[in-house]
Protein chains: 2
Amino acid sequence: MTTLKDIAKLAGVSIASVSYVINGNKQLSEETTKRINEAIAQTNFAPHSLAKSLRMGKTLTIGVLVEDIRGMPIADIVNGIEENLEEHGYQMILSDLHMLEKLYNQYDQIVDYRSYINKSVQQMLRSHVDGIIYVGLHDRHIDNIIDPIELPFVYAYSHGSKHDHYVSYNNIDGAMDAVNYLINHGHREIAVLAGHPDSFPTHQRMEGFITSLNNADLPIRDEYFFYGDWEYPSGYEQMKKILALPNRPTAIFVMNDLMAAGCINFAQESGLKIPNDLSIIGFDNREIASYLPVPLTTIQVPNREIGHESAKMLLELTTGSTVDKNAIILPCNLIERASVASISL
Amino acid sequence: MTTLKDIAKLAGVSIASVSYVINGNKQLSEETTKRINEAIAQTNFAPHSLAKSLRMGKTLTIGVLVEDIRGMPIADIVNGIEENLEEHGYQMILSDLHMLEKLYNQYDQIVDYRSYINKSVQQMLRSHVDGIIYVGLHDRHIDNIIDPIELPFVYAYSHGSKHDHYVSYNNIDGAMDAVNYLINHGHREIAVLAGHPDSFPTHQRMEGFITSLNNADLPIRDEYFFYGDWEYPSGYEQMKKILALPNRPTAIFVMNDLMAAGCINFAQESGLKIPNDLSIIGFDNREIASYLPVPLTTIQVPNREIGHESAKMLLELTTGSTVDKNAIILPCNLIERASVASISL
DNA sequence: TGAGTGTGGTTAATCGTTTAACTAACACAA
DNA sequence: TTGTGTTAGTTAAACGATTAACCACACTCA
């Protein structure tokens, strides 16, 4: 590895002079500048980032904490983060919390995520990252870990709004778009298959559902509310109940694509034609949506943009004046496929 | 941030002594050791990793170069890598090549990946990573970049065998497992829907297919060979041809799950019952396999294990004696679902 | 002439560690 | 007494950069 010293010797100057021309922090004579630049070109020298960081107190590295990189929105978001960071000459170190499987430790006790996350954060602090982004839903785990740290911090994807800096997407508007789309296609009897009743997205998407119905002066009918747990089998099971309804709805707003897949598969098994006999709209636009027997019309969450904006926000925090509070809520958009039919009025 | 100096002052010793007790590189008196440890405990001190790395010439960081983190096997592999590295106290910096979309640059010219990858690698070198793992299929892009670098390097997932150090999975055996499974269920007329004809996995899986047929003394029938391009629509289209065959096969070996999804969907549309009228087996075990109208029996590629082994191999290379050549080929395993039926002989 | 002002460059401290080399003190044997 | 070891701890150089402070020289102007 060539160092400043090598260049200095080659050009016959002091290492300070070399450093000055590299960073342009001081005016040197044209003559010496040229000699130094030639020496640099000769050796394809690049400054040692560790030494530089140590001296400057900035690493140009940010830590990204993800719940599990295999979870799809997460990979998309990380992709967006990386792209933005790279553009600005920053690097990321990735720490994966393996939340999808690390529920129990070797003694079969439920893992204390706080201490687990804490380990990852400490590791990042030791590497002197310039900031941290947390990507995921379970942000409550991290609150009292990150609070005492005076380091720029951004939540990406998190739905909570109690944090100072976060980037998320608009669940309410997304749900309204979906339901309005059904209404605009002539549907009046619309059921909803919600996610887990306790979850935040369920509440928000439900709010959008009800608002849309109200705006269109449609009645809110108790018998049209169903709850699953976000997983495929619950879509399949709940669909049985929906189809058994005395007066069956003409359309269903299903709160995610996995459950929608279950709905579609059960409906088809029962001999129903989607969308002619029943329209279905999903949420999330997962890969699966394109590959169902009936391509699913659904709501796309702007995951990469969430990544982009998170990185942008964090970089602003590290460099610029500290913004006190900053939240970005990005809009979703509707992906039109083939699972919704028009109804003749 | 507390430093060695702070601890030293607190304990009334020199910073060298503190360093020695932390790293256990020298025997100090019980008395002073205790005083120093107390001071450390008081301040929750952790050594500054940049300074340490600078001095030691080791960063305990490895670079992971991925083609696109959103590609599913890649996320799984990265997950495995991360887990293994963390266990050994290493960190990773992730660099995403965004291969899925960065085909053209701003001037609409095809991106020169070599120079693009080179930028990422240079960036990693500047961060003084202790080694690099490349995750993906398009390893030919990187060959002449990495060759001149004398840094431990491992290819993960790469199918090529011309490299010194790589970890991959056994396509041939995987395909044989799939075909043998069909044969063991009584099938004699077995078609194959291959991936893109030029791709390496196609060749290998085809080899497995033919070997299995030969081993069972079954004829190789030209009219039973079909080719797609790994994507869903090609599965759908090719299935039309397969069903139009004068004597239709009783089972199909489809070389990936996406095409298998296309096959199943078209078959169902045509009124065929899977698996009773026709058995289908896939490859890859993507998420989608569980959510098809007929849950797909398929071959699972050991992605996380590939990640594990890659990390392990790289760490051995960085620390231990340099192994000249080292290749690991991991076995696949069959996931039994519901898309294959037994045939009465 | 002498004070002030640029210009072009060097010296040396600093960031926070590790570690070879050294010192001081004491014990023990010849 | 002298020499030899052992033990416990310190000093200071090094890793590779940045940058404040300094210096030497030439030029300007009252």
Side-chain angles (χ1 to χ4, degrees), chain A residues 1-40 43-61 89 91 122-130, chain B residues 1-40 43-61 89 91 122-130:
Chain A
M1 214 61 256
T2 50
T3 69
L4 277 194
K5 210 167 158 186
D6 302 325
I7 306 288
K9 204 191 305 182
L10 218 74
V13 294
S14 72
I15 62 169
S17 301
V18 181
S19 172
Y20 284 129
V21 323
I22 286 175
N23 298 300
N25 291 337
K26 203 171 190 180
Q27 184 71 355
L28 293 202
S29 78
E30 210 176 311
E31 155 68 11
T32 19
T33 304
K34 200 178 129 226
R35 273 222 315 288
I36 291 175
N37 278 327
E38 274 166 5
I40 291 176
T43 55
N44 85 320
F45 160 85
H48 191 302
S49 67
L50 290 178
K52 187 165 180 159
S53 295
L54 176 59
R55 175 59 223 247
M56 310 266 283
K58 270 200 117 229
T59 52
L60 298 186
T61 299
Q91 292 192 312
Q122 291 304 326
Q123 163 83 305
M124 286 182 171
L125 289 183
R126 225 167 301 135
S127 306
H128 292 250
V129 295
D130 295 332
Chain B
M1 212 64 257
T2 48
T3 70
L4 279 192
K5 211 167 157 184
D6 302 325
I7 306 289
K9 203 191 305 181
L10 218 74
V13 293
S14 72
I15 62 169
S17 299
V18 181
S19 173
Y20 283 130
V21 323
I22 286 175
N23 298 299
N25 291 337
K26 203 170 189 179
Q27 184 71 354
L28 294 202
S29 78
E30 209 175 314
E31 155 68 11
T32 18
T33 304
K34 199 176 130 227
R35 270 221 317 285
I36 292 174
N37 278 328
E38 274 165 5
I40 291 176
T43 56
N44 84 320
F45 161 85
H48 190 303
S49 67
L50 290 178
K52 186 164 181 161
S53 295
L54 176 60
R55 173 61 221 243
M56 310 265 285
K58 272 201 117 224
T59 52
L60 299 185
T61 299
Q91 291 192 314
Q122 292 304 328
Q123 163 82 306
M124 285 181 171
L125 289 183
R126 224 167 302 134
S127 306
H128 291 250
V129 296
D130 295 333

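Every chain is numbered from 1, with letters handed out A, B, ... down the list of sequences.
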Hey, can you pull the residues of residues 3-18 of chain B with a non-hydrogen atom under 4.0 angstrom from DNA chain C?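 Nucleic-acid contacts, sorted: B:Thr3, B:Leu4, B:Ile15, B:Ala16.
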Nearest-angstrom distance from the residue atom [atom1] of [X] to [atom2] of [N]:
X	N	atom1	atom2	result
B:Lys58	C:dT17	NZ	P	19 Å
A:Arg126	C:dG16	CZ	P	16 Å
A:Leu54	C:dA13	CG	C1'	13 Å
B:Ile22	C:dG16	CD1	P	14 Å
A:Glu31	C:dG9	CD	C1'	13 Å
A:Glu30	C:dG9	CD	P	11 Å

Of A:Met1 and A:Asn25, whose closest DNA chain D nucleotide lies nearer the 5' terminus?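 Nearer the 5' end of the strand: A:Met1.
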Output all residues satisfying side chain to side chain donor-acceptor pair (under 3.5 Å) with [X], sequence neighbours left out; order by chain, then residue number.
X	result
A:Thr33	none
A:Thr61	none
A:Gln123	none
B:Thr32	B:Ser29

For the atom pair OG1 (B:Thr2) and CD1 (B:Ile40), what is the distance rounded to the nearest 0.5 Å?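 CD1 of B:Ile40 is found 9.5 Å from OG1 of B:Thr2.
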Can you give me the closest heavy-atom contact between [X] and [Y], atom names plus distance?
X	Y	value
A:Asp130	A:Leu60	OD2-N, 2.7 Å
B:Ser127	B:Thr59	O-CG2, 3.8 Å
B:Phe45	B:Ile7	CB-CD1, 3.7 Å

Suppose the criterion is salt bridge (charged side-chain N to carboxylate O under 4.0 Å, His left out): which pairs have a residue in residues 5-15 of chain A, not counting sequence neighbours?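 Pairs touching residues 5-15 of chain A that pass the test: none.
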Considering only heavy atoms of chain A and a distance under 4.0 Å, specify the first and last nucleotide of DNA chain D in 5' to 3' order that meet this criterion.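 That gives a stretch of D:dG16 to D:dA21.
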For A:Gln122, look at atom CD and say whether over 12 heavy atoms of other residues, nucleotides or ligands are found less than 6.0 Å away.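 Atom CD in A:Gln122 is crowded, with more than 12 foreign heavy atoms closer than 6.0 Å.
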For B:Glu30, which residues count as a salt bridge (charged side-chain N to carboxylate O under 4.0 Å, His left out) partner, sequence neighbours excluded?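 None.
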Give one of base, sugar-phosphate or nothing for A:Ser19, where a contact means two heavy atoms less than 4.0 Å apart.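 The residue A:Ser19 makes base contact.
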Let me have the donor-acceptor pairs involving side chains of residues 14-24 of chain A, under 3.5 Å, with sequence neighbours excluded, atom names and distances please.
{"from": "A:Ser14", "atom 1": "OG", "to": "A:Ser17", "atom 2": "N", "distance (Å)": "3.4"}
{"from": "A:Ser14", "atom 1": "OG", "to": "A:Ser17", "atom 2": "OG", "distance (Å)": "3.3"}
{"from": "A:Asn23", "atom 1": "ND2", "to": "A:Ser19", "atom 2": "O", "distance (Å)": "3.1"}

Taking distance alone, no hydrogens or angles, what donor-acceptor pairs closer than 3.5 Å link side-chain atoms of residues 46-53 of chain B to residues at least two apart or in another chain?
{"from": "B:His48", "atom 1": "ND1", "to": "B:Leu50", "atom 2": "N", "distance (Å)": "3.2"}
{"from": "B:His48", "atom 1": "ND1", "to": "B:Ala51", "atom 2": "N", "distance (Å)": "3.3"}
{"from": "B:His48", "atom 1": "NE2", "to": "A:His128", "atom 2": "NE2", "distance (Å)": "3.4"}
{"from": "B:Ser49", "atom 1": "OG", "to": "A:Arg126", "atom 2": "O", "distance (Å)": "2.7"}
{"from": "B:Ser53", "atom 1": "OG", "to": "B:Ser49", "atom 2": "O", "distance (Å)": "2.8"}
{"from": "B:Ser53", "atom 1": "OG", "to": "B:Lys58", "atom 2": "O", "distance (Å)": "3.2"}

Which residues, if any, of residues 45-53 of chain A bring a heavy atom under 4.0 Å of DNA chain D?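 A:Phe45, A:Pro47, A:His48, A:Ala51, A:Lys52, in order of number.
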Spell out protein contact along nucleotides 22-28 of chain C as letters: B when the base is contacted, S when just the sugar-phosphate is, - when no protein heavy atom is under 4.0 Å; keep the 5' to 3' order. -------
